[in-house]
Amino acid sequence: MLRRPVISEAAKQLHEDCLVFDLHCDTLLNQSLLGYDVTKRHTNRLPLSPFLFHADIPRMKEGGIGAVALGLVVNPLRKRSALDATRRALGQVRGWEQSAPDDVSLVSTADDIEAARAAGKLAVFGGLEGAHGLGGHVEPLPELRAKGLRYVGLSHFSKNLACTPALGWRSNNVDPLTDHGRDLIDGLCHERILVDLAHINKPGFLEAATRATRPVIVSHTGVRGAHDVWRNIDDDQLRAVADTGGVVCIIFAPVFLSAGLRGTCDGVVKHIQHVINTVGEDHVGIGTDLDGFVVPPKDFPDISHMPRLTHLMLEAGMKEQTIRKALGANMLRTFREVCG
Ligand SMILES: [Zn+2]
């Protein structure tokens, strides 16, 4: 058993004082696959624990999380029923508030996030992972927004009617957005839903960032300047996001952060620093991807350990103001600009 990693008093205090905003957590998968009760505190259980069982409401609160985007994953083989699957997943997000009304608030705006934090509640909303979950439609966006959808990732692991992924079924690094993909970006900007560029190939990524009329995000990614693998984005892509005023959120999956499978949380700090060195401190955030079939860092077995990141950022000599921005202030600013 790993000893509980060190977290200084200064780090604990600073962490508590900051809004911590996780832009991508896949805990809904635990619920749909395993009937997991998110209101109960779980511990990691073998043999699935390296991939799942990383988060629930009690551990999110222990980890000082103020706001979290819950990933909506829709099976790409569903065609006509894709929209219904997305609606059902949004119902699951609402279920968090219904099952724990004293601890969770389903939020619409940046003010709602701040109000939830002031009331000691966890702010939640939905982020769709892949435009296939819209089934080729743009018209339902207002309805889905009203049900809690606040970002749409254009791509996941398969080519869809909007775009091509960086890896997965029919992926390539050539195809641009489709006409539907362009309409979708226009529709998302019009409806004030964030455009998420995680998983998409580079031509689609750059085109989407240029076309969007509001700041864009990458909800969970590493950066090639810190570790050069397919899943990560390069400096051109970083600059394209920064040019929109948006935020790149760093993933907590050592496999994308450093060589070797079980790195530590230092990898997250290294990637945060690369974003800061390349485009400044206003365009970086966090998107853990916990519960998304990723193995978390050795010193970060679950989301309750989030203050560890603050500890390591302080140890790395980062200023309080910079840490505050990376933990959540940048993302809150972008959320306000786009979603209201
Ligand atoms: Zn993902």
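As the structure lists them, so they are numbered: ligands from 1, and atoms in each ligand from 1. All figures in this text were calculated on a predicted structure; none of them were measured in a lab.
Note on ring orientation: taking the six-membered ring where Trp is involved, the planes of Phe21 and Phe335 are tilted (angle from 30° to 60°).
Under a 4.0 Å N-O distance rule, the pair Lys40/Asp56 does not qualify as a salt bridge. Ion pair Glu281/Lys319 not flagged as a salt bridge, since none of the NZ, NE, NH1 or NH2 atoms sits closer than 4.0 Å to an Asp/Glu carboxylate oxygen. By the 4.0 Å N-to-carboxylate-O rule, Lys121 lies too far from Glu97 to be salt-bridged with it.
In this structure, His220 has its ring center closer than 6.0 angstrom to the ring center of His199.
Here the Zn ion (ligand 1) has protein N, O or S atoms under 2.8 Å from it, and they come to 3.
Checked by atom type and distance alone, the side chain of His283 never pairs as donor or acceptor with a backbone atom of Leu238 at under 3.5 Å.
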